[in-house]
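Order of the sequence lines sets the chain letters (A, B, ...), proteins ahead of strands, with each chain counted from 1. FYI, side chains are in, hydrogens and waters are out, and symmetry mates aren't considered; it's all heavy atoms of this structure.
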Amino acid sequence: MEKKFKRTTVTSALPYANGPVHVGHLAGVYVPADIYVRYLRLKKEDVLFIGGSDEHGVPITIRARKEGCTPQDIVDRYHTLIKESFEEFGISFDIYSRTSSKTHHELASGIFRTLYDKGEFIEKTSEQYYDEEAHQFLADRYITGECPHCHSEGAYGDQCEKCGSALSPTDLINPKSTISGSKPVLRETKHWFLPLDKHEEWLRQWILEDHKEWRPNVYGQCKSWLDMGLQPRAVSRDLDWGIPVPVEDAEGKVLYVWFDAPIGYISNTKELLPDSWETWWKDPETRLIHFIGKDNIVFHCIVFPAMLKAEGSYILPDNVPSNEFLNLEGDKISTSRNWAVWLHEYLVEFPGKQDVLRYVLTANAPETKDNDFTWKDFQARNNNELVAVFGNFVNRALVLTHKYFDGKVPAADELTDYDKQTLNEFANIKADIEHFLNQFRFRDAQKEAMNLARIGNKYLADTEPWKLAKTDMDRVATIMNISLQLSANLAIAFEPFLPFSAAKLREMLNIQQFDWNELGSTSLLEAGHALNKPELLFEKIEDSVIEAQVQKLLDTKKANEELNYKANPIRQTVEFTDFEKLDIRVGTVLECQKVPKADKLLQFLIEDGLEKRTIVSGIAKYYQPEELVGKQVCFIANLAPRKLKGIVSEGMILSAENNDGTLAVVTPMKEVKPGSEVK
RNA sequence: CGCGGAGUGGAGCAGUUGGUAGCUCGUUGGGCUCAUAACCCAAAGGUCGUUCGUUCGAGUCGAGCCUCCGCAACCA
């Protein structure tokens, strides 16, 4: 039973204003949401697309402290950056606002107060760690100490990463605040909780019975939570950044960011439509859709609906299409590790190529499981699909028309069976695309649109108008007419997916007016209609461009390794007598040559003050043989001889291994007599 | 055994209620030459993670095991 709705409110997860937006955000949320919204608008449905920055929470305050500025400075910086890059990228929000806005503070505060007055919260007092230097309570993750199980240092308040055991902050031995480094003290604090357990019954019915159509990952996760039994969830925090808890005796307490953020959807609607916002949030004939990533499922399917239900006057989401995650070149995207393709950088480095990224992210969208973004795939999809299939077909149709018919749409003559067959193939294109879009299957929908161009290329190859031009211009006219109608259909079909390119194509075809409902029509262009000059719809992306991006990521990876480098722990203590057993000497390199058929080995002849000795060492990747001749090296002189590649090595040359695995030979700072002992 | 999701030809993905395993890219061969060396056709290539089970028949249902991702801090 399909329920009928009059309008749709679409929200997309609020990006956290603690960093820029990257391809993972786009693929997971903003591109699919934007496609969906553009599609609904094309169908002339009433739709509102709400976005905004999430600007509260602990991490922003920490970042501000680190950078020596205010939290407001941080959110101003990232809000502006995110907002501008979304706009340039063509994410068509009706409003993109922020949770630090006055409207939001008032509304979130009001909803909290309403729930408070209705007795929907419970109060609990507990002891939590408090940092007396930083003057704040500490989230679990901001406390480190010694793990009570494996006794390794650096365990976090919630988990020890060494042994994997789950902890609570009070388990830690010698707890330390990661903010100030001081020893935290336990202090009593009161918080408000939303008793989710009280909502379990209706949530169970609403999700598990009434919304079986939700994606398996969404449905499954909800079911799992419900089956485990819901627990009361804190809705306040001890913090000085956020929306003050609007009740008496709540100084120093703010709304928990997860309570306030989703209300941001509503506040931003209110900011846009101060008078009619309630229609979009309270009218049962409004359909509410949340686009989110998989980490957000529980909050949008359980916590937020429970909040709305408790308030009483709001509608609940009809669907929560959630994507899985996008990885980057095989590794998890990470803001803190700078492992990402940042939108604002992409826009600068690939000017005018918004649609290429939109296309790739949709074609490879993580709709059912985690996927991987690679630059090689990005290039291949651009060159082999956008350029070779879509752009090329349009170019062929337009160039041929200009060549044979002076850029005017020729009238179709009688259609052959093959023509009819071709036209039949895309007659259902509208229904197909809509079918997929209605189910939030954007990958399939876009593929369907692409099929139009594939049909076109095949049609031209089969009918060969360039040959017929010598004998039968009437037939050529028909073929070109059909090809151009196909091109016009492409301009409509791709409008939700690739808005920039669709506009460009319409410009080439010289059509200002178009209607989504005409998709599939074979008479979009009238005979005699003048076309504009064809331009390339998409450009090839050269290897060098892709290599530069890959290099950029490799550099990042290297920088990360440097940053994360930590010397290996010191090994077990040994007695001096053990050390004395080693005979370390200085020797002068007399000869040095590569060992044949070995990549890594160099063969040395060393002057050791007694007899010369041969040593083989695996440093060929880092040193040329000639640069070592005459140099002094340290070596272990009494190591048992060993055969390497058939050569007997009498000792071991000492070198230091750098964090990237490169080797540096150890050498005395002043020249000494060969055979000198190292002590 | 915390809870969810996922594991399909070289790569990335589809596979609806169980009935001859599909698509895009890549590879190989052929065709075409209007087109951004692009387009079209054909072929090769898979014991559908693994073991066991239900069934006339399982990628599809059930059970165990292995691996990857996510949630429980931050993060789409």
Is it the case that A/N323 and A/R215 place a side-chain donor and acceptor less than 3.5 Å from each other?
-> yes
Would you check, one step at a time, whether the test ring-ring contact (aromatic ring centres under 6.0 Å, His included) holds for A/H300 with A/Y265?
-> CA-CA 12 Å; A/H300 284 78; A/Y265 300 139; 5.7 Å; yes
From the candidates B/C25, B/A35, B/C32, the one with an atom nearest any side-chain atom of A/E464 is B/C32
Residue A/D295, side-chain atoms from C-beta onward, closest of B/C75, B/C74, B/C34 | B/C75
Can you tell which of A/L328, A/I333, A/N327 makes a side chain to side chain contact (heavy atoms under 4.5 Å, CB included) with A/F373?
-> A/L328
Give one of base, sugar-phosphate or nothing for A/V387, where a contact means two heavy atoms less than 4.0 Å apart.
-> base
Which whole number of Å gives the distance between the P atom of B/C48 and that of B/G29?
-> 30 Å
Hey, is the side chain of A/K458 poking within less than 4.0 Å of OP1 or OP2 on B/C41, counting only N and O atoms?
-> yes
Assign A/I333 to base, sugar-phosphate, or nothing according to its heavy-atom contacts below 4.0 angstrom with the strands shown.
-> base
Starting from C1' on B/A73, measure out to OH on A/Y16 and report it in whole angstrom.
-> 12 Å
Describe the nucleic acid contact of A/L26 in one word from base, sugar-phosphate, nothing, applying a heavy-atom distance below 4.0 Å.
-> nothing
Sugar-phosphate, base or nothing in reach of A/D377, heavy atoms under 4.0 Å | nothing
For A/D372 and B/A11, give me the distance from atom CG to atom P, rounded to whole Å.
-> 13 Å
P atom, B/A21 versus B/C25: distance in rounded Å?
-> 22 Å
Any A/K294 side-chain nitrogen or oxygen under 4.0 Å from OP1 or OP2 of B/G4 | no
Would you kindly check if the NZ (Lys) or CZ (Arg) of A/K83 is within the cone defined by 45 degrees around the ring axis of A/Y96 and under 6.0 Å from the six-membered ring centre?
-> no
Which sits closer to the 5' end of RNA chain B, A/V298 or A/L460, going by the nucleotide each is nearest to?
-> A/L460
To the nearest angstrom, how far is A/K447 atom NZ from B/G22 atom P?
-> 15 Å
Proximity to the side chain of A/W466 - top-ranked nucleotide from B/U33, B/C74, B/U36 = B/U33
Does B/C39 have a Watson-Crick or wobble mate here (both distances under 3.5 Å), and if so which one?
-> B/G31
Upstream residue (5' side of RNA chain B) when A/I292 and A/A397 are each assigned their closest nucleotide = A/A397
Go through B/C25, B/A35, B/G15 for me and flag the one nearest to the A/R441 side chain.
-> B/G15
If you measure only the distance, is there a donor-acceptor pair under 3.5 Å linking the side chains of A/Y78 and A/R63?
-> yes
G-U wobble or Watson-Crick pairing nucleotide for B/G2 (cut-off 3.5 Å, both distances) | B/C71
Mind checking the C1' distance from B/C74 to B/U36? Whole angstroms is fine.
-> 45 Å
Given the C1' atoms of B/G64 and B/G26, what is the spacing between them in whole Å?
-> 38 Å
Describe the nucleic acid contact of A/K467 in one word from base, sugar-phosphate, nothing, applying a heavy-atom distance below 4.0 Å.
-> sugar-phosphate
Length of the line joining A/N323:CG and B/C69:P, which is rounded to integer Å = 19 Å
Between A/N18 and B/C75, does any side-chain N or O lie under 4.0 Å from OP1 or OP2?
-> no
From B/C34, B/C32, B/G4, pick the nucleotide closest to the side chain of A/L400?
-> B/C34
Assess the pair A/F259 and A/F304: is the distance between their ring centroids shorter than 6.0 Å?
-> no
B/A11 to B/G7 separation - C1' atoms, rounded to the nearest Å = 15 Å
Show me the donor-acceptor pairs within less than 3.5 Å that the side chains of residues 534-544 of chain A make with the rest of the protein, sequence neighbours left out.
{"from": "A/E539", "atom 1": "OE1", "to": "A/K353", "atom 2": "NZ", "distance (Å)": "3.3"}
{"from": "A/D543", "atom 1": "OD1", "to": "A/Q379", "atom 2": "NE2", "distance (Å)": "2.7"}

Would A/R441 count as a cation-pi partner of A/F436, with NZ or CZ less than 6.0 Å from the six-membered ring centre and within 45° of the ring normal?
-> no
Using the C1' atom in both, what is the distance from B/A43 to B/U47, to the nearest Å?
-> 22 Å
Once you round it to whole Å, what is the distance between C1' of B/G70 and CZ of A/F299?
-> 13 Å
Considering only the C1' atoms, how many Å lie between B/U16 and B/A58, rounded to the nearest integer?
-> 16 Å
According to a strict under-4.0 Å criterion, is A/K223 in side-chain N/O contact with OP1 or OP2 of B/G5?
-> no
Considering only atom C1', compute the distance from B/G9 to B/U28 and round it to an integer number of Å.
-> 16 Å
When rounded to whole Å, the CG to C1' distance for the pair A/L537 and B/A38 reads 14 Å
Nearest listed nucleotide, side chain of A/K540, among B/C34, B/G4, B/A38 = B/A38
Under 4.0 Å between a side-chain N or O of A/R454 and OP1 or OP2 of B/C25?
-> yes
Of all the choices, B/C71, B/U24, B/C39, which nucleotide is nearest to the side chain of A/W225 once you look at every atom?
-> B/C71
Given B/C40, B/G15, B/C74, which nucleotide is nearest the side-chain atoms of A/N457?
-> B/C40
A/E385 has an atom CD; how far is it from atom C1' of B/C25, in whole Å?
-> 7 Å
Here the distance between atom C1' of B/C74 and atom NZ of A/K66, to the nearest Å, is 11 Å
Scan A/G24 against the nucleic acid and name what it touches under 4.0 Å (heavy atoms): base, sugar-phosphate only, or nothing.
-> base
